[in-house]
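All chains are named by letter (A, B, ...) in the order of the sequence lines, taking the proteins before the strands, and each is independently numbered beginning at 1.
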Protein chains: 2
Amino acid sequence: MTGLNSLVEAFKQTKFQIAGNGKRNMQVLKEAFDQVDGQLESDIYGNGKVIEAFQEKMATYLGKESAVFFPSGTMAQQIALRIWCDEKGIKRVAYHPLSHLEIHEEDGLKELHHIETLLLGEETGLIGLEDILNLHQEIACLLLELPQREIGGQLPDYKTLVEISEYCKKKGIRLHLDGARLFEILPFYKKSAAEICSLFDSVYISFYKGIGGLAGAILAGGKDFTQQSKVWKRRHGGDLISLYPYILSADYYFDKRISKMNHYFEEAIELAALFNSCTSIQTKPSVPVSNMFHVHIVRSKEQVQQILIEIYEQTGIGMTSYLNESNETTCHFEVSIGDQYESIPKVKLQEVFHLLQAKLT
Amino acid sequence: MTGLNSLVEAFKQTKFQIAGNGKRNMQVLKEAFDQVDGQLESDIYGNGKVIEAFQEKMATYLGKESAVFFPSGTMAQQIALRIWCDEKGIKRVAYHPLSHLEIHEEDGLKELHHIETLLLGEETGLIGLEDILNLHQEIACLLLELPQREIGGQLPDYKTLVEISEYCKKKGIRLHLDGARLFEILPFYKKSAAEICSLFDSVYISFYKGIGGLAGAILAGGKDFTQQSKVWKRRHGGDLISLYPYILSADYYFDKRISKMNHYFEEAIELAALFNSCTSIQTKPSVPVSNMFHVHIVRSKEQVQQILIEIYEQTGIGMTSYLNESNETTCHFEVSIGDQYESIPKVKLQEVFHLLQAKLT
């Protein structure tokens with residue numbers, strides 16, 4: 001039997017990888033800074049041309065009055081919810097059971113901000129309007145994550161979004177967008193970022209998913225909101241003397257990749273269809289609505305590991321470096337399309353899926 | 001009359017500056033990354049060779065069991081105090097009235113961690129052993145800042161430090177070191193960092209003061225302490241997917257400047273003596289105990305601005321870009337010696353102080 005480490009190792013040896021924008025190595029920073037003038041002055045504690053210009057660029061792109069650069073989305077989103085809770089005098093918010101805040105942040109929202117959370121909808125599905133209509137406790141803010149990452153990147157239809165937005169406005173509930181992958185969903189909705197964001201009071205976006213930057217986030221909204229967010233940013237320890245390594249790389253890779261989102265989306269649909277053509281494999285969603293999807297395989301993790309390692313070694317194409325165990329008979333992994341997919345020769349890709357199908361039969 | 005902006009502008013035009021390591025511009029990052037291998041892998045959420053190696057290096061340097069890299073000292077220190085408060089079950093700490101936590105962090109410690117603070121000692125002086133002996137409320141932790149930056153960088157003698165440390169140990173009070181400028185005080189104490197740190201339960205150090213890096217901090221202590229600090233780092237939103245721009249630049253500038261601290265210290269003593277030779281000027285401390293001191297001038301801010309601008313224009317040497325008003329008749333500024341001081345020709349420096357003396361007489 002071959003262990004998990006062997007899958008990682010076999011993956012690292014592959015020449016091509018189906019997902020992502022490439023290795024997270026120092027070259028990502030070096031490429032972004034190659035064309036930067038050494039004499040350009042650093043941002044200083046949230047001020048200066050470097051940070052202000054990018055914040056303005058993103059505020060315009062998102063159609064919001066103002067935007068603030070943060071080192072992380074974890075920090076930005078907790079702060080957004082805190083501001084809306086303070087505004088309403090109610091320390092309660094609602095979000096999906098698999099929200100980043102609920103499962104990846106060590107309960108920062110509860111431990112630092114003492115905000116109570118209501119989990120809306122089922123783990124396996126999306127939050128619907130009826131979930132919000134049936135709320136029996138008052139909340140200050142509803143957080144929607146588009147796409148819902150932990151279920152493969154699913155999206156409500158646009159009509160539902162508008163209905164949720166209108167209902168929240170009527171009820172005095174602030175609507176916050178977890179837009180970690182906002183760029184990636186615009187081709188599906190056929191809307192601009194500003195059109196989507198107009199449905200929300202506040203918006204967070206990330207620069208190291210589809211954009212492929214180093215790290216960093218933007219929080220956008222009205223001027224009073226972003227002004228308050230700067231005070232909380234300092235309290236959290238996020239108001240660094242220099243954030244420019246993240247800002248300039250975010251700006252560089254935004255310009256490099258923002259026009260490629262439709263391309264990634266189409267490639268995700270193509271690749272998901274290839275997976276779904278194999279016995280015992282199903283993607284979620286079955287037809288992607290962004291650049292991402294999850295691949296579920298009805299085989300034990302050990303069996304799939306062995307199969308994948310053989311395919312990587314035979315074809316030089318890596319599909320994933322890890323597998324999550326759904327249960328004893330099923331495992332899954334995530335795919336997010338970036339620059340790397342298009343560099344794989346189509347014949348090589350056909351070979352991979354012929355092999356996969358053969359080994360699963 | 002010439003306004004404040006003119007002082008900044010005149011300062012920017014100078015060829016030499018008496019303080020600091022040079023401009024905070026992109027070149028600082030570019031220099032550090034010039035020799036970095038593009039294929040080196042990024043740290044990932046606190047793991048990976050890049051971050052682990054530097055943490056180990058700093059733990060060894062500080063003589064502590066373990067160390068964690070943080071994006072900021074604000075984050076690191078709040079977390080240190082929180083851990084010690086939780087350990088003791090008492091949400092109360094003590095520090096100097098001009099501690100960074102009290103005056104520069106928008107009350108993060110109180111707003112996020114609900115920790116009560118006792119201010120020990122006078123604003124104009126240092127915390128003494130008697131201040132701690134006279135505490136009439138129980139505290140979980142005492143924070144000492146060495147040197148006490150806001151009063152010009154003053155230090156207690158080593159005997160007092162040892163007495164405070166022994167008393168705290170006896171009383172079950174955790175002792176935390178705000179060592180933002182720890183490297184800079186070692187020449188005065190003639191001790192290693194590890195010797196100083198052995199008096200403290202936990203230590204924070206910074207990489208953008210004397211070291212001249214981009215940003216970033218290390219928090220060090222026992223393994224259980226640093227393990228807990230990682231959980232809080234994630235809660236604060238400081239567990240970034242990639243912190244390497246700060247880590248590798250901190251490492252680069254640490255190696256470049258750590259051996260220069262004695263040099264900076266001696267230059268600070270020399271420069272302070274030049275200031276003190278002028279009518280109406282007094283430095284605090286009168287003889288520096290690190291690379292830093294404050295310059296107090298018994299003239300109105302407007303008068304001093306005018307004098308400085310004239311000197312900058314005549315000599316091409318800048319002393320400060322700002323002035324703080326102490327009261328109607330006195331103003332002051334801070335000097336921290338770095339690489340730039342030694343590049344100023346001694347005759348030029350003499351000229352500056354002759355002019356300054358002449359204009360103040």
Side-chain angles (χ1 to χ4, degrees), chain A residues 23-31 33-34 36-45 48 50 70-79 82 104-114 208 213-217 230-246 248-249, chain B residues 23-31 33-34 36-45 48 50 70-79 82 104-114 208 213-217 230-246 248-249:
Chain A
K23 290 205 173 105
R24 286 192 64 87
N25 61 23
M26 303 298 132
Q27 194 52 38
V28 180
L29 176 71
K30 287 165 88 86
E31 179 185 328
F33 275 80
D34 258 0
V36 171
D37 177 7
Q39 298 311 306
L40 181 64
E41 282 180 35
S42 171
D43 54 309
I44 302 283
Y45 296 118
V50 161
F70 278 81
S72 75
T74 296
M75 193 184 291
Q77 295 209 105
Q78 285 181 27
I79 287 171
R82 173 63 184 260
H104 291 308
E105 303 183 7
E106 294 281 2
D107 278 340
L109 188 71
K110 296 161 196 172
E111 296 287 340
L112 288 170
H113 294 285
H114 305 279
Y208 65 94
L214 267 70
K230 288 183 184 177
V231 175
W232 283 108
K233 178 178 159 187
R234 174 153 287 221
R235 287 174 179 154
H236 266 252
D239 191 20
L240 306 197
I241 185 168
S242 294
L243 281 167
Y244 70 78
Y246 300 128
L248 288 182
S249 52
Chain B
K23 290 203 172 106
R24 286 192 65 85
N25 61 24
M26 304 297 133
Q27 193 52 38
V28 179
L29 176 70
K30 287 166 89 86
E31 179 185 328
F33 275 80
D34 258 359
V36 171
D37 177 5
Q39 298 313 305
L40 181 63
E41 283 181 34
S42 171
D43 53 310
I44 301 283
Y45 297 118
V50 162
F70 277 82
S72 75
T74 296
M75 193 184 291
Q77 296 208 103
Q78 285 181 27
I79 287 171
R82 173 63 183 261
H104 290 308
E105 302 182 9
E106 294 280 2
D107 278 340
L109 189 71
K110 296 160 197 172
E111 296 286 339
L112 287 170
H113 295 285
H114 306 279
Y208 66 93
L214 268 70
K230 288 182 185 178
V231 176
W232 283 107
K233 178 178 159 187
R234 174 152 287 221
R235 288 175 178 154
H236 266 253
D239 191 19
L240 307 197
I241 185 168
S242 293
L243 281 167
Y244 70 79
Y246 300 126
L248 288 182
S249 52

So what's closer than 4.5 Å to chain A heavy atoms on [X]: side chain, backbone, both or neither?
{"X": "B/Y208", "answer": "side chain"}
{"X": "B/K30", "answer": "side chain"}
{"X": "B/L248", "answer": "side chain"}
{"X": "B/E41", "answer": "both"}
{"X": "B/H113", "answer": "side chain"}

Picking from [options], which has the most non-hydrogen pairs under 4.5 angstrom with chain B?
{"options": "A/R82, A/E31, A/H236, A/E105", "result": "A/H236"}
{"options": "A/I44, A/L240, A/T74", "result": "A/L240"}
{"options": "A/E111, A/Q27, A/H114, A/Q39", "result": "A/E111"}

Legend entry - Within-4.5 Å side-chain heavy-atom neighbours: B/V28 and A/S42: no
If you look at every heavy atom in [X] and [Y], which pair is closest and at what distance?
{"X": "A/E106", "Y": "B/R235", "result": "O-NE, 2.7 Å"}
{"X": "B/Y246", "Y": "A/S242", "result": "OH-O, 2.6 Å"}
{"X": "B/L214", "Y": "A/I241", "result": "O-CG2, 3.4 Å"}
{"X": "A/S72", "Y": "B/G237", "result": "OG-O, 2.7 Å"}
{"X": "A/Y244", "Y": "B/N25", "result": "OH-O, 3.4 Å"}

Inset, instruction - Pick whichever of B/D43, B/D239, B/I79, B/L243 has the most heavy-atom pairs under 4.5 Å with chain A. - result: B/L243
Legend entry - Contact winner vs chain A - B/L109, B/D37, B/V36, heavy-atom pairs under 4.5 Å: B/V36
Inset, instruction - Determine whether more than 12 heavy atoms belonging to other residues, nucleotides or ligands lie under 6.0 Å from atom NZ of A/K23. - result: no
